[in-house]
Amino acid sequence: MRYQRPKGTADILPGKSSHWQYIENVAREVFSKYRFEEIRTPLFENFEVFSRTSGDTSDIVTKEMYDFKDKGDRHISLRPEGTAGVVRAFVENKLYGPEVQKPFKTYYMGQMYRYERPQSGRLREFHQIGVEAFGSDEPALDVEVIAMGMDLFKHFGIHDMRLAINTLGDKPSRDAYRQALIDYLEPHFDELSEDSQVRLHKNPLRVLDSKDEQDQKFVADAPSILDYLTDDAKAHFEQVKSLLTALGIEFDVDSTMVRGLDYYNHTIFEVMVNSKALGHGYTTVCAGGRYNGLVEELGGPEVSGVGFGLGMERLLLLMEATGVSFPEEHHLDAYVVGIGDEADAATLQVVQALRQQNFSADRDYLARKPKAQFKTADRLNAAYTLTLGEAELAAQTIHVKNMASGNEVSAPITDVLNDFTKVTENID
Ligand code: ATP
Ligand code: MG
C-alpha cells in the first residue's frame with residue numbers, strides 16, 4: 001500500500017519551509033509595531049462556536065466544515081477560520097475585563113480546514129494569518145487594521161494591490177437593505193441558482209456573494225447598501241474613508257461587496273491583486289471587517305471587534321510570481337572534515353563547540369572519503385572548511401580555510417573549541 005497525503009493538503013518541505021518562516025517572521029515584526037500580540041487557540045472547537053458565528057447559511061457551515069462526533073459524542077469542528085475561536089477565547093478568558101488594555105489587539109497564524117474543491121491557492125488544509133482588535137467603535141481602529149494589512153503586504157514586497165471597501169451598516173441599515181434586496185430579487189426567483197433560492201429569504205446578502213454565473217448577472221444592478229444606511233452608519237463609513245485618505249491609502253468603494261461570513265457589519269474590506277499566478281483578474285488575498293455583536297453572540301458582553309484574515313498559500317504564490325527574493329536561511333558557517341576513524345571524536349567535539357558559540361556547523365556522518373567531504377563543504381557553501389587529519393591530531397591542531405578568500409591557517413584545536421572568531425580573524 002502506498003500512502004498519499006489526503007486530497008487538498010500539502011507537505012511543506014525543507015527548502016520551502018523557510019519561505020513560510022520568513023512570512024511569519026515579517027508578520028510578527030509588523031504586528032508588534034502596531035502592538036498586536038499573538039494568541040494561540042485550539043485547532044478544533046465545539047461545532048456551535050462556528051455555526052453560531054459564521055451563520056447557518058454560510059458556505060462554511062453548510063458545505064465546508066470538517067466536523068465529527070468525538071469518542072465522547074461531542075460535536076467537534078476543525079476550525080474553518082480564526083475569528084470565532086479567538087472570540088470564544090476572548091469571552092472565556094474575560095479579556096474584556098478592566099485589567100486588560102483597550103483595545104485588545106491580537107493576531108494568530110496557523111492551519112484552517114475547509115472541505116472545498118482543491119485548486120491553485122485553494123486547499124482543504126490551508127493557512128491564515130489574522131488579526132483582531134476588540135473594544136472600540138472608532139472608525140480610526142478600522143483604519144488602523146486596514147493600514148496594517150496594507151503595510152504588511154508592502155513588507156512582503158507586494159506593492160501592486162487594490163483595496164476595496166464597503167459598509168454593511170448597522171442593524172437598521174441592514175434590515176432595510178435586506179428587504180430591498182428581497183424585493184429586487186424575488187421577481188427573478190426562478191432564474192437564481194438553487195443555493196440562492198434557499199438563501200433569498202434567509203439571508204439575501206449572500207446572493208451577492210454567489211460565485212454562480214447565473215446569480216452574478218443580477219448583482220450588477222442590485223440596490224446599493226449605501227442608499228439604506230442610517231445616519232450613524234453613514235457617518236462611520238465617511239470617517240473611515242476620510243481617515244484612509246488622510247493616510248494616503250487609495251481605495252475603491254465596491255457597494256456590492258459582502259463577506260462570506262455572516263458576522264460582519266459596518267466596514268468590510270478586501271485586498272486584491274491582479275496576478276496570473278492566482279487566476280484571472282483580481283483575486284482577494286486578504287479580507288476583513290467589523291463584527292460588532294460577535295462577542296455577544298458567543299455569550300460575552302457588548303464589545304465590538306474588527307479584524308482581517310489573509311491566506312498564506314495565496315500570498316506565497318503571489319510572492320513567487322512577483323519574484324520577491326526570500327532571504328537565504330540555511331546558511332552554513334563551518335564544515336568540519338575528518339580524516340580517518342581517529343578523527344571521529346574530535347570532529348564531533350569541534351562541531352558541537354562551534355554550535356555552542358552560535359555558529360552553524362556540520363560534518364560527515366556517512367564515513368565518506370576526504371575528497372567527498374570537501375565536495376560536500378563546497379556544495380553546502382560553507383564559509384569555512386576545517387580539516388582534522390592524522391597529522392593535525394598528533395599535533396592537536398586543526399586546519400581552517402576561509403572559502404571566500406582562500407586564506408588558511410593552522411590553529412590549536414583548543415583555540416577553535418574556545419573562540420572560533422579569534423582563529424578566523426587572521427584569515428578573513
Ligand atoms: P473565497 O471567496 O476565495 O472562497 P472566502 O471569502 O471564503 O474566500 P475568507 O473566509 O474571507 O475567504 O478567508 C480569507 C482568506 O483566506 C481568503 O482571502 C483567501 O486568501 C484565504 N482562503 C480562504 N479559503 C481558502 C482555501 N480553501 N485555501 C487557501 N486559502 C484560502
Ligand atoms: Mg470560500
Side-chain angles (χ1 to χ4, degrees), residues 6-10 12 20 23 27 50 53-55 57-66 77-87 107-132 145-146 149-150 152-153 156 158 161-166 168 195 199 203 205-213 215-216 219 254 256-264 267-275 277-291 294 306-319 321:
K7 190 174 173 187
T9 64
I12 300 168
W20 287 78
I23 287 177
F50 303 112
T53 54
S54 291
T57 58
S58 65
D59 277 348
I60 285 186
V61 172
T62 56
K63 297 179 192 156
E64 299 174 357
M65 200 95 96
Y66 273 94
S77 296
L78 301 188
R79 63 181 187 194
E81 55 96 36
T83 302
V86 172
V87 172
Y107 71 87
Y108 59 85
M109 42 184 80
Q111 284 96 327
M112 305 292 159
Y113 301 86
R114 295 185 194 177
Y115 193 78
E116 301 206 65
R117 204 160 60 80
Q119 45 193 292
S120 169
R122 189 178 294 284
L123 289 99
R124 292 183 173 173
E125 180 183 66
F126 65 102
H127 299 73
Q128 280 186 346
I129 296 178
V131 309
E132 318 290 353
V145 167
I146 294 172
M150 300 297 275
L152 188 60
F153 278 93
F156 291 138
I158 312 278
M161 303 158 289
R162 176 182 162 222
L163 171 65
I165 65 168
N166 192 22
L168 296 176
D195 273 348
R199 287 162 176 176
N203 191 347
L205 265 71
R206 253 192 207 295
V207 178
L208 299 183
D209 202 25
S210 167
K211 291 186 178 75
D212 188 286
E213 254 178 56
D215 296 338
Q216 288 278 327
V219 174
D254 176 353
T256 60
M257 181 169 77
V258 294
R259 301 275 335 116
L261 308 171
D262 272 355
Y263 51 59
Y264 288 106
T267 320
I268 56 170
F269 65 93
E270 296 192 357
V271 181
M272 294 186 266
V273 293
N274 190 354
S275 169
L278 300 181
H280 290 299
Y282 278 94
T283 310
T284 302
V285 282
C286 172
R290 221 175 225 292
Y291 46 80
L294 193 57
V306 51
F308 69 69
L310 76 86
M312 292 179 75
E313 280 78 5
R314 285 185 210 178
L315 173 64
L316 259 166
L317 284 172
L318 183 64
M319 288 170 78

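Whatever order the structure lists them in is the order used to number ligands and atoms, beginning at 1.
- Using 4.0 Å as the threshold, H127 has no heavy atom nearer than that to any atom of ligand 1.
- Residue pairs meeting the side chain to side chain donor-acceptor pair (under 3.5 Å) criterion with at least one partner in residues 278-289, sequence neighbours excluded, are E270-T284.
- Residue contacts with ligand 1 for E270 are absent, since no atom lies close enough (heavy atoms, distance under 4.0 Å).
- If you look at R314 next to ligand 1, the close heavy atoms, those under 4.0 Å, all belong to the side chain.
- The proximity of K211 to ligand 1, defined as any non-hydrogen pair under 4.0 Å, is limited to the side chain.
- Every N/O-N/O distance between E313 and ligand 1 stays at or above 3.5 Å.
- If you check the side chains of E64 and Y115, you find no donor sitting under 3.5 Å from an acceptor.
- Neither the backbone nor the side chain of I60 has any atom closer than 4.0 Å to an atom of ligand 1 (non-hydrogen atoms only).
- Residues passing the salt bridge (charged side-chain N to carboxylate O under 4.0 Å, His left out) test with D195, sequence neighbours excluded: K63.
- Residue G311 has at least one heavy-atom neighbour below 4.0 Å for each of these atoms of ligand 1: 15 (C), 16 (O), 20 (O), 21 (C).
- You'll find the side chain of E313 stays beyond 4.5 Å of the side chain of R122, heavy atoms only.
- For the pair L123 and ligand 1, the shortest N or O to N or O distance falls below 3.5 Å.
- Residues I23 and M319 meet the side-chain proximity criterion, which asks for heavy atoms closer than 4.5 Å.
- At most 12 non-hydrogen atoms from other residues, nucleotides or ligands lie less than 6.0 angstrom from CD of E213.
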